[in-house]
Amino acid sequence: MMVAATERRRQVLMAGLGTALILVMGTVLFFGFRLATQMRTSISALQTASTLQTYPETIAQQLNSLRDRLEVRAYSGQALSELQTSVKHVDTNLRQLEATGDADGPQLNRARLLWRQYQPVLDPVVSFTGQPYVDSDTAGSSLSSEGRRHYAEVKRAQLFANENARPLQTHLAALATALQHTSSDAAARLRTLLLAGVFAALVLAVAAGYFQLTRARHERAAREAQDQTRYILKSVREGFFLLDADHRIGSVWSEALSHMFSRNDFAGLSFEDLLKDLVPTATLTTAAKYVKLLWGQRAHENLMKSINPLGQLEITRDNGHGSKETRYLQFDFHRVMAAEGIKHVLCSVSDITASVLLARELQDSQDNANAQLDMMLGMMHVDPLQLTSFLDTTETSIKLVNTILREPARNDAEFRKKLAGLFRELHSIKGEASALNLSSVASRVHVMEDMVSECKKRPELSGNDFLPLVLKLDELLAHLRSVREMAARLSVLKDGAPTPPAAAGAAGGPARAAGALDELSPTLQSMAARLAQDHHKQFRLSVAGLADVPAPYATTIKDCLIQMLRNAAVHGIEAPDVRRNLAKQDAGAVNVEFRKTPGGYELVFEDDGAGITPQNLKAAAVRKRLVTEEAAQRMDTRAAMALIFAPGFSTQEGVSMDAGRGVGMDVVARSVANLGGKIGVSTHPGKFTRFRVVLPGVDADSAAVA
Amino acid sequence: MSANLKPNTKKSFKLMIVDDSNIMRRRIERSQQFEELQLVGTAGNGLEALELFKKTDPDVVTMDLTMPQMDGIECIGRLVTLKPAVRILVISALADKATAVEAMEKGANGFLNKPFTDRQLNEAIAELLC
Amino acid sequence: MLYEQELKTFVDATTNFFSVAAQEPASIGSPYLMEGAPSVHEYTGIISISGKREGVVYFTAPKAMLTVMLMKMQENDFSHETMRDLVGEVANTISGNARRDFSREFVISVPSVLSGEKPDVPQHAGRRSFIIPINWRSHSAKLVVSLS
């Protein structure tokens with residue numbers, strides 16, 4: 001805009017200079033022509049006047065000559081004729097001078113006045129046409145009467161002419177001098193005029209030159225600015241263009257726009273046509289409406305910005321190889337205001353595909369991880385039963401995690417209290433998953449474990465910090481479900497038999513039909529067989545009453561049994577050679593019985609193994625640094641036995657798949673406590689260990705716990 | 001703040017509040033601090049609003065969008081046809097841009113998202129009145 | 001599988017309602033999962049979602065909490081209808097924000113309000129729900145996100 005104004009000012013100036021030059025030239029030419037004309041007439045008048053100067057004398061002489069001839073009766077015709085010519089000449093020339101304005105002054109007047117006195121005297125002489133002589137033989141030639149009169153007139157004229165020749169000549173000389181002045185004045189004026197004209201032209205030329213120079217400088221600056229603009233438009237990564245009131249794109253746009261829209265014909269293109277074929281009709285309609293609104297004065301800039309529907313526009317276009325490609329563009333609009341209102345709308349477009357896709361990828365990575373499951377499972381050769389028992393334990397752990405989460409919390413301390421328990425449960429799942437090479441599970445739990453560790457570091461905990469954890473927990477449950485389904489399929493493949501019971505209850509939910517644990521017996525039997533094999537033990541498992549387990553307890557009972565069976569197989573039952581030395585049968589006995597009691601239900605789990613000694617428990621607890629040596633020594637038998645249910649306790653070194661992570665009984669005990677039940681243990685060293693789980697009558701209300 | 005935004009205008013505007021929630025209607029009525037606004041009526045849906053509009057001829061309308069019996073968008077269109085100079089502030093929980101554009105296109109003059117603070121409400125009304 | 005952003009939209013819409021409308025921020029309690037039908041309080045504002053995800057999202061609050069909220073909102077009508085209006089507005093806000101963030105993928109219903117002891121909350125058998133306790137002053141409400 002500024003450039004345009006400067007340009008206009010310069011144009012006006014140049015036009016002014018041109019006009020001035022024309023005026024100067026015109027003036028010089030006009031007056032020069034006039035002066036020249038005047039000079040020419042003055043000069044010719046001067047010549048006339050100069051010539052005329054000699055005539056008074058000539059006329060006087062001619063009259064003298066005429067009188068002489070008349071006196072000697074000589075031929076006078078010739079002299080008269082010469083006089084007539086002279087008189088006529090003076091007459092004519094005086095009239096001519098009269099007509100020339102320059103000569104028409106007092107000098108001419110004086111000459112004319114005098115000449116007019118000549119005329120009455122000269123007229124009779126020059127108008128004489130008769131015969132002056134009469135020829136007679138006697139007297140010879142004599143003057144005729146006409147001749148006598150003529151002679152008298154000549155004599156008078158001669159006298160007059162001789163007398164006045166001088167004055168007339170003086171007058172004419174004065175006239176010549178005056179004319180001389182006039183013409184030299186005109187010459188001087190013409191010279192001045194020419195000088196002035198040349199000077200003015202010079203000034204104008206210099207001015208024009210100066211403006212031309214500055215103009216060139218401005219043009220250079222403008223060109224540079226233009227170059228810079230072009231450079232910016234060429235290299236800027238956003239697409240820029242202006243929209244006019246008809247929603248058409250202006251003639252200038254940044255090159256990025258060409259890449260974004262794969263076209264170059266933007267000038268004059270309507271905004272709607274720009275987006276047509278790239279977006280769905282509904283989006284196009286909204287976009288068109290929005291752009292129209294931008295032109296209304298009604299809405300404020302901020303409001304318009306806040307309702308911009310093109311902040312993340314998904315466009316689909318041909319990528320030039322015959323397939324479609326999706327890009328995400330962000331449109332921003334700025335109204336360009338002028339005095340009379342909105343002049344243009346500046347639109348900037350950025351391609352935000354990368355950031356949108358990145359965000360998508362982060363989300364999709366979860367789904368992808370799931371998709372890889374099939375392959376992973378196909379590659380590994382996990383015993384389906386082992387897998388099932390892992391899944392059961394893990395589910396129990398997850399339930400515990402959820403139970404910990406579910407405890408209401410309002411402040412940092414309450415939230416922080418949850419962390420230790422959460423970490424323990426997660427860590428145990430991870431350990432078991434790793435032991436089974438179930439990396440898809442282990443990595444998920446690992447992420448959750450990290451989240452918990454992160455939480456520990458935070459200065460102030462709130463529910464927000466736990467939201468990602470719950471999401472991951474949900475995802476883990478879903479994943480485990482897929483694993484379970486996969487396991488079911490795998491076992492079908494392996495056995496060619498129908499889905500095993502644990503897999504059938506894949507949903508893992510508590511709202512399972514009563515008597516579901518009917519099907520647990522075979523699972524437990526297979527698990528016992530596997531455990532025996534893994535740990536080089538021999539034992540028989542007898543199970544009774546599981547069909548009576550009420551639905552709300554099914555999961556907990558199952559968890560208890562799995563955990564206790566593991567403990568028995570790992571810690572309780574001795575190796576066959578040990579048993580032989582102790583005069584026991586090579587094969588140990590594990591008895592499970594569930595029954596209804598007057599007050600509720602009871603589960604008894606008993607093995608005829610090594611039993612548990614308080615000393616062993618204390619030693620292990622001290623080794624695990626759960627208690628100090630002194631505290632351990634002070635413990636009575638009861639307190640020592642309670643160590644079995646302490647978090648983080650393990651009586652066996654190292655980590656094996658089935659036990660040794662030391663959370664087993666802890667998990668079971670909490671799970672029982674959650675149902676309002678109790679768990680107790682009695683043991684006789686070298687003889688048996690017996691767990692008793694007592695549960696209250698079924699309370700339908702507890703069904704909702706996941 | 002409203003006093004600053006609207007100096008020396010003692011002109012009065014008739015206000016109509018349209019929202020299907022009673023609390024919202026009362027909230028808007030209570031929170032707006034413009035002396036020049038005179039509440040002439042409240043309506044709980046588009047049809048009611050239309051009837052009331054014809055009767056009371058308001059200058060300023062606050063309009064909910066999701067309502068039973070003629071939604072806000074349609075109602076805006078009708079009101080603007082009846083009285084092009086009417087100023088309409090949409091107050092809605094609908095936070096998507098397409099809805100806002102649609103409402104503005106139909107003739108609304110402002111858009112306020114629920115929930116809102118008193119300050120936000122008054123700023124939105126001030127913008128509407130100037 | 002619910003994305004974090006999705007859950008955040010629902011949670012933020014809810015807490016935002018408290019800070020803006022009731023002029024006192026709410027805090028999020030310890031979130032957890034639940035299978036089967038979670039219990040609800042006296043008033044429940046519910047939106048249903050279909051499309052990429054199917055299910056319901058609802059805000060359920062006890063009468064005592066709503067009463068205090070209304071007081072904070074300088075409301076002096078504590079009728080049953082007003083309570084319903086209030087949970088309806090919360091659900092409305094959740095619905096509006098969800099439309100803003102996910103209208104591309106979801107179809108989101110207009111909110112409806114349930115009240116009473118055992119209202120008929122639409123359930124999907126075997127679906128896990130996210131329960132996010134919303135603590136405000138001494139009261140606690142629940143945001144339940146039950147989507148597949």
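No experiment lies behind these values; they were computed from the predicted model shown. Convention: sequence-line order gives letters A, B, ...; per-chain numbering from 1.
For Arg26(B) and Glu75(C), the salt-bridge test passes: some basic side-chain N is under 4.0 Å from an acidic carboxylate O.
For Lys55(B), the NZ atom is loosely surrounded, since the number of other residues' heavy atoms within 6.0 Å does not exceed 12. Atom NZ of Lys63(C) has 12 or fewer neighbouring heavy atoms from other residues, nucleotides or ligands inside a 6.0 Å radius.
Arg27(B) places no side-chain N or O within donor-acceptor distance of the main-chain N or O of Met73(C), the cut-off being under 3.5 Å.
Chain B forms more heavy-atom pairs under 4.5 Å with one residue of Leu70(C), Leu86(C), Val110(C) than with any other, namely Leu86(C). For the set Ser95(C), Gly88(C), Gly96(C), the count of heavy-atom pairs under 4.5 angstrom toward chain B peaks at Gly96(C).
Using a 4.5 Å cut-off between heavy atoms, Asp71(B) does not touch chain C at all.
Between Asn92(C) and Thr66(B), the closest side-chain pair of non-hydrogen atoms falls below 4.5 Å. Between Lys114(B) and Glu89(C) there is a side-chain heavy-atom pair separated by less than 4.5 Å.
Of the inter-residue distances, the one linking Asp101(C) atom CG with Asp96(B) atom CG reads 10.0 Å to the nearest 0.5 angstrom. Atoms CZ and OG, from Arg84(C) and Ser21(B) in turn, are 12.0 Å apart once rounded to the nearest 0.5 Å. Rounding to the nearest 0.5 Å places OG1 of Thr82(C) at 6.0 Å from CD1 of Ile23(B).
For the residue pair Thr117(B) and Val20(C), the shortest heavy atom distance occurs at N-CG1, 3.4 Å.
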